[in-house]
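Each ligand, and each atom within it, is numbered from 1 in the order the structure gives.
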Amino acid sequence: MTPSELLDQVRLHGAIPRHVAIIMDGNGRWARERMLPRPLGHRSGMKSVREVVEGALQAGVEFLSLFAFSQENWQRPSVEINALMSLLEEYIQREADELEAQGVRVRVLGDIDRLQGAARAAVDRVVAQTAGNRKLTLNLFISYGSRAELARAARLIAEDVAAGRLRPDEVDEAAFAQRLYTADCPDPDLLIRTSGEQRISNFLLWQLAYTELFISPVLWPDFGRSNLFEAIRDYQNRERRFGRVAV
Ligand code: IPE
Ligand code: IPE
Ligand code: MG
């Protein structure tokens, strides 16, 4: 099926996930299969980002969360980290105006104080430039680890309690969720992980509680909008029960 036939199928079946999250994995293996250095796999993965952003816009997804760089990824060799940071800057430089024109609001979630120089400046610029848009919110998770996010939320709560702004008996799920980077986002409806890996790798541990999972064997640089539409079609056949009995 062509991408537009798949999109018709998606629309025909109604339930579009409001929030799709993707663990974009497999760039290194894509490069190795071609005897190329790993950074060229990351470079090739940029067009897949464009594909899924456009696919999400076409399908009417409201929130798209992309795991681009984990806190643990800081342990990779510095050549690879530097290549990823310059690609981030290049992506923003190339796409910012287009994203703005498409009505995309870009947000960057994670410990971004670790980003330096041009990458940090580019991130701040695109976030400010697109802040007024509402058609699609694109959450880029960079320097992000879910356990660190949860520990940070606990710290913020402790500070509020210590300062008398919050009583211990007011610490509930909502109070916690409000102190996560994703505070004003609904939980993901669908999580896609590419490259066949069957793990969460410290991504959105709190937010994925009832998310539907879709593991795709496709390596990230080969992932296009058709793959996104296929994942949504699969999601549309799921029965979400949230612990209740089927109706
Ligand atoms: C995903 O691809 C991109 C990042 C984690 C930054 P990988 O670089 O993890 O690719 P593989 O898993 O080695 O194939
Ligand atoms: C997860 O992929 C992080 C991102 C996609 C940014 P990794 O390749 O880092 O995860 P592991 O090491 O295989 O679990
Ligand atoms: Mg990987």
Side-chain angles (χ1 to χ4, degrees), residues 19-53 55-56 63-92 94-95 106-116 118-120 122-123 126 138-151 180-182 185 188 190-208 211 213-224 227-228 231:
H19 185 174
V20 176
I22 308 182
I23 301 177
M24 311 184 288
D25 199 11
N27 296 349
R29 277 161 282 171
W30 185 94
R32 195 176 57 210
E33 279 176 4
R34 288 160 181 77
M35 316 261 263
L36 296 169
R38 292 177 59 88
L40 286 186
H42 298 311
R43 169 168 290 284
S44 187
M46 275 208 294
K47 66 176 181 331
S48 301
V49 173
R50 194 171 319 128
E51 277 284 305
V52 294
V53 168
F63 297 87
L64 180 65
S65 287
L66 301 179
F67 200 6
F69 189 82
S70 74
Q71 197 171 51
E72 291 75 23
N73 290 150
W74 287 113
Q75 295 164 58
R76 292 189 179 195
S78 57
V79 257
E80 180 163 349
I81 294 174
N82 293 341
L84 281 162
M85 291 302 145
S86 18
L87 279 173
L88 171 65
E89 189 201 335
E90 188 182 322
Y91 170 76
I92 291 172
R94 283 218 318 233
E95 305 285 325
V106 180
R107 299 197 304 186
V108 177
L109 290 70
D111 182 10
I112 56 163
D113 287 339
R114 287 185 77 173
L115 298 185
Q116 287 178 351
R120 177 61 197 262
V123 157
V126 72
L138 174 61
N139 291 326
L140 296 178
F141 287 81
I142 295 168
S143 189
Y144 172 85
S146 183
R147 286 185 171 180
E149 178 189 34
L150 293 168
L180 300 174
Y181 295 125
T182 50
C185 266
L190 171 64
L191 172 76
I192 300 169
R193 182 163 187 158
T194 61
S195 85
E197 301 295 356
Q198 304 184 51
R199 56 177 170 269
I200 301 294
S201 299
N202 203 14
F203 189 45
L204 300 177
L205 299 177
W206 170 283
Q207 298 88 337
L208 294 175
T211 301
L213 309 180
F214 184 87
I215 309 285
S216 166
V218 177
L219 301 176
W220 180 249
D222 293 327
F223 198 89
N227 301 102
L228 173 69

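Counting heavy atoms under 4.0 Å from ligand 1, residue R38 touches it through the side chain alone. Contacts with ligand 2 closer than 4.0 Å are made by no heavy atom of Q71, backbone or side chain. At a heavy-atom distance under 4.0 Å, only backbone atoms of F69 (N, CA, C or O) approach ligand 2. By the criterion of a heavy-atom distance under 4.0 Å, neither the backbone nor the side chain of L219 is placed next to ligand 1. By the criterion of a heavy-atom distance under 4.0 Å, neither the backbone nor the side chain of R29 is placed next to ligand 2.
Electrostatic pairing of E197 and R193 does not count as a salt bridge here, judged by no charged N lying under 4.0 Å from a carboxylate O. Salt bridge R94/E90: present, at least one basic N to carboxylate O contact under 4.0 Å.
Looking at Y144 and E149, their side chains do bring a donor and an acceptor atom within 3.5 Å of each other. In the model, Q207 has a side-chain atom that pairs as donor or acceptor with a side-chain atom of T182 under 3.5 Å. Counting only N and O atoms by type, the side chains of S146 and W206 include no donor and acceptor under 3.5 Å apart.
The N/O atoms of A68, backbone and side chain alike, include none that comes under 3.5 Å of an N/O atom in ligand 1. For a threshold of 3.5 Å applied to N or O pairs, the pair formed by D25 and ligand 2 contains at least one separation below that value. Residue contacts with ligand 2: S201 is placed with a nitrogen or oxygen under 3.5 Å of a nitrogen or oxygen of the ligand (distance criterion only).
Within the structure, ligand 1 has H42 among the residues with a heavy atom less than 4.0 angstrom away. The closest approach between any non-hydrogen atom of S195 and ligand 1 is not below 4.0 Å.
Distance from atom 1 (C) of ligand 1 to its nearest protein heavy atom, with residue and atom name: M24 O, 3.0 Å. In terms of protein heavy-atom proximity, atom 4 (C) of ligand 1 is closest to R76 NH1, 4.0 Å. Annotation: atom 9 (O) of ligand 2 to nearest protein heavy atom, N73 ND2, 3.0 Å. Closest to atom 2 (O) of ligand 1 among all protein heavy atoms lies N27 N, 3.2 Å. Of all protein heavy atoms, the one lying nearest to atom 10 (O) of ligand 1 is G28 N, 2.9 Å.
Judged by distance alone, with hydrogens and angles left aside, the side-chain atoms of S48 form a donor-acceptor pair with the main-chain N or O of W220 at under 3.5 Å. A donor-acceptor pair under 3.5 Å is absent between the side-chain atoms of R50 and the main chain of M46, judged by distance alone.
Taking every non-hydrogen atom of R199 and a distance limit under 4.0 Å, the qualifying atoms of ligand 2 come out as 11 (P), 13 (O), 14 (O).
Taking the six-membered ring where the residue is Trp, F63 and H19 present tilted rings, their angle falling between 30° and 60°.
Surrounding CZ of R147 are at most 12 heavy atoms belonging to other residues, nucleotides or ligands under 6.0 Å away.
Inter-residue side-chain proximity for V52 and F223 is flagged as met; some heavy-atom pair is nearer than 4.5 Å. With contacts defined as side-chain heavy-atom distances shorter than 4.5 Å, the pair F141/L204 qualifies.
For residue D25, an N/O/S atom approaches the Mg ion (ligand 3) to within less than 2.8 Å.
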